Amino acid sequence: MRDVWSWRYVLGRLLVYGSFGAVMSGCSLQLSTIEAGGTSFSLILSSLAILMVLGLGVGLVYYKKVYEHKIRQLKNWNEERKKYQLSSLDQEASLLTLHKVREYLESSKVYLQADLSIQDVATAIDVHHRYISQAINENLGQGFRHFVNTYRIAEVKRRLKDPEYKRYTMVAIAESCGLKSKSTFNRTFKKVTGLTPSEYLEKEFPGSE
């Protein structure tokens with residue numbers, strides 16, 4: 001259904017703008033018969049009409065992508081709702097589960113382990129991993145991996161300000177916080193903070209690089 005409607009959306013507008021471009025081109029051709037000196041003017045109008053149609057075509061391709069992205073988001077949201085409709089975890093229990101997960105992570109700091117899995121947490125707090133996933137998704141709109149990474153990045157930022165870690169590189173600190181590689185760290189840091197590691201350093205520690 002998504003593809004059908006997205007292509008109808010694009011084709012409909014292509015017809016509208018294409019017709020408009022054709023009208024403009026027709027007008028410019030008519031103008032060329034009015035006077036001999038009007039030929040150059042008609043060529044300008046024709047060129048503008050072609051450029052306009054091409055510009056609109058590029059714009060439509062962009063808006064088609066935006067449209068499809070919105071449809072995907074809506075579809076994913078509906079799928080998430082359906083996935084949890086049969087769950088016995090109500091809103092109150094969901095919040096309590098999230099609190100339990102947070103409490104465990106903050107007290108044990110197991111998020112520093114690079115290979116931490118949702119099953120590890122489920123076993124530790126004696127809650128089914130599906131309930132943990134549901135609690136994080138429903139209350140925070142995040143997946144388990146991103147949720148854990150927010151703790152890791154917060155710890156990286158804390159250690160960067162700690163004199164005890166001053167002799168370590170940012171990447172070394174990141175690896176000690178459960179982020180396996182430089183590429184993983186860069187990608188995760190940007191996703192969590194909205195800044196690249198370099199941008200963050202420049203903002204928090206001007207002239208440090």
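Here, residue 1 is the first one in the sequence, and each next residue gets the next number. Nothing here was measured: the structure is a model prediction, and the numbers come from that model.
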*Shortest non-hydrogen contact between Asn186 and Pro197, atoms and distance*: OD1-CG, 3.3 Å

*asked:* Between Val121 and Tyr104, is there a side-chain heavy-atom distance shorter than 4.5 Å?
replied: yes

*Which value, rounded to the nearest 0.5 Å, describes the distance between Leu98 atom CG and Asn137 atom CG?*
11.0 Å

*asked:* A side-chain contact here means heavy atoms from C-beta on lying under 4.5 Å apart; do Asn139 and Leu95 qualify?
replied: yes

*Has Asp90 got more than 12 heavy atoms of other residues, nucleotides or ligands less than 6.0 Å from its CG?*
yes

*Tell me, yes or no, whether the heavy-atom count around His128 atom NE2, taken from other residues, nucleotides or ligands under 6.0 Å, exceeds 12.*
yes

*Is there side-chain contact between Lys182 and Thr169, with heavy atoms separated by less than 4.5 Å?*
no

*How long is the span from the CG atom in Asp126 to the NZ atom in Lys100, to the nearest 0.5 Å?*
6.0 Å

_For Thr97 versus Ile132, what's the shortest heavy-atom pair and its separation?_
CG2-CA, 4.1 Å

_Side-chain touch Lys203/Leu195, heavy atoms, less than 4.5 angstrom_ = yes

*What is the distance from atom CZ of Arg152 to atom CG of Leu105, rounded to the nearest 0.5 Å?*
9.5 Å

*Give the ring-plane orientation class for Phe147 versus Tyr151, where under 30° counts as parallel, over 60° as perpendicular and anything between as tilted.*
perpendicular

*Could you tell me the separation between the OG atom of Ser117 and the CZ atom of Arg145, rounded to the nearest 0.5 Å?*
10.0 Å

*Flag, side chain of Glu202 to backbone of Glu199, donor-acceptor distance under 3.5 Å*: no

Just distance, no hydrogens or angles: give the donor-acceptor pairs under 3.5 Å from side chains in residues 159-166, sequence neighbours left out.
residue : atom : partner : partner atom : Å
Arg159  : NE   : Glu155  : OE2          : 2.8
Arg159  : NH1  : Ser176  : OG           : 2.9
Asp162  : OD1  : Glu164  : N            : 2.9

*asked:* Can a donor-acceptor pair be found, under 3.5 Å and without considering hydrogens, that links the side chain of Thr123 to the backbone of Gln119?
replied: yes

*For Glu103, does its backbone N or O pair with a side-chain atom of Ser107 as donor and acceptor, under 3.5 Å?*
yes

*Donor-acceptor under 3.5 Å (Lys180 side chain, Ala114 main chain)*: no

